[in-house]
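Here is the structure we will look at.
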Amino acid sequence: MAVEAAVPATVVTVTFELTPGEYRGAVLRYLFTQPAYVALASFILVFIVFTMAAGVATGRLLVLLPDVVMAVILEALLVAVPLLAVWWYRWRWGGFEMTATFSEAGIEAKMPRMGSQFAWSKFSRAKRLKGYYELRQDLRRVAVVPARAFKSAEERAAFETLLERHLKFKGST
């Protein structure tokens, strides 16, 4: 009869708040992995370029300029709205400090006004990027944990062991 080796109970708890720069980078990286967003943003940019080229070629740039201005505003809003939502949340609720506990049972995330528990099966993969870890639930949902949240190299290694054990984990890119 085979005896299975017991998996040691690994628990890693980190408390962090994403800086505005970290959050902005994560949001922009997330947006540019969304096919619909990339298609819309690309379409708007192509529209701007062709409209300006047509205006210059026909000598009617001033007539087409309002179309270009509206397209530039729409393109800016595609990036600005998610970032403004974060600014509003920080202003309204006072920040995003989070305590996350990673264990064999799953992930428990707590913020001052809310908390959630997730089984590892809710996540599909994890990736270590420059300065943070990205845990993907699906194409539309991602959790971000800054590397600076770990107090020691041992804590970080234990976290990465959990990721390797439960998810498709890709090291630094």
Side-chain angles (χ1 to χ4, degrees), residues 14 16-58 60-93 95-98 100 102 106-107 109 111 113-114 116-150 156 159-160 162-173:
V14 293
F16 61 90
E17 183 171 353
L18 294 177
T19 65
E22 288 171 331
Y23 188 82
R24 187 172 36 256
V27 166
L28 293 176
R29 186 177 192 306
Y30 168 76
L31 288 175
F32 284 104
T33 61
Q34 302 304 305
Y37 176 84
V38 172
L40 182 59
S42 300
F43 173 77
I44 293 170
L45 288 174
V46 168
F47 174 81
I48 291 169
V49 169
F50 278 108
T51 303
M52 290 184 68
V56 169
T58 61
R60 301 181 66 207
L61 184 59
L62 287 177
V63 173
L64 298 175
L65 199 55
D67 294 333
V68 171
V69 169
M70 289 304 294
V72 168
I73 290 170
L74 182 58
E75 187 76 25
L77 285 175
L78 283 173
V79 173
V81 167
L83 299 176
L84 287 173
V86 172
W87 173 83
W88 178 84
Y89 186 91
R90 285 189 116 108
W91 171 79
R92 177 73 172 94
W93 301 112
F96 282 109
E97 184 175 274
M98 176 183 288
F102 304 90
I107 302 168
M111 293 175 71
R113 302 200 187 285
M114 65 183 88
S116 299
Q117 292 183 338
F118 303 95
W120 285 108
S121 61
K122 296 291 181 188
F123 292 87
S124 59
R125 65 185 185 272
K127 189 184 289 186
R128 183 176 59 216
L129 300 163
K130 184 179 178 186
Y132 64 95
Y133 293 84
E134 176 184 272
L135 285 71
R136 283 230 174 242
Q137 285 183 304
D138 55 32
L139 189 61
R140 299 189 189 280
R141 290 177 291 200
V142 63
V144 174
V145 179
R148 65 178 165 70
F150 300 98
R156 180 188 255 188
F159 173 70
E160 288 186 3
L162 283 169
L163 295 179
E164 289 168 353
R165 195 174 297 147
H166 295 283
L167 302 174
K168 295 177 194 167
F169 176 59
K170 186 174 181 182
S172 62
T173 55

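- Between the CD atom in Glu164 and the CZ atom in Phe159 there is a gap of 11.0 Å [rounded to 0.5 Å].
- For Arg148, the side-chain hydrogen bond (donor to acceptor under 3.5 Å, both in side chains) partners two or more places apart in sequence, or in a different chain, are Glu22.
- Within the 4.5 Å cutoff, no side-chain heavy atoms of Leu135 are placed close to those of Phe169.
- Here Lys170 contributes atom NZ and Arg128 contributes atom CZ; the two are 11.5 Å apart, rounded to the nearest 0.5 Å.
- A distance of 7.5 Å separates CD in Glu134 from CZ in Arg125, rounded to the nearest 0.5 Å.
- Inter-residue side-chain proximity for Phe102 and Leu163 is flagged as unmet; no heavy-atom pair is nearer than 4.5 Å.
- Considering every non-hydrogen atom in both Ile48 and Ala71, the closest pair reads CG1-CB, 3.4 Å.
- Rounded to the nearest 0.5 angstrom, Trp120 CH2 and Leu162 CG are separated by 5.0 Å.
- Closest non-hydrogen pair, Phe47 versus Asp67, comes out as CE2-O, 3.8 Å.
- Note that NZ of Lys122 and CD of Gln117 are 13.0 Å apart. Values are rounded to the nearest 0.5 Å.
- For Phe50, the ring-ring contact (aromatic ring centres under 6.0 Å, His included) test picks out no residue, with sequence neighbours left out.
- Contacts of Ala147 classified as side chain to side chain contact (heavy atoms under 4.5 Å, CB included), with partners at least two apart in sequence or in another chain: Tyr133, Arg156.
- The two residues Val14 and Ala149 make their nearest non-hydrogen contact at CG1-O, 3.7 Å.
- Side chains of Tyr132 and Leu18 form no contact here, defined as non-hydrogen atoms less than 4.5 Å apart.
- To the nearest 0.5 Å, the span separating CZ on Phe16 from CD on Glu97 amounts to 9.5 Å.
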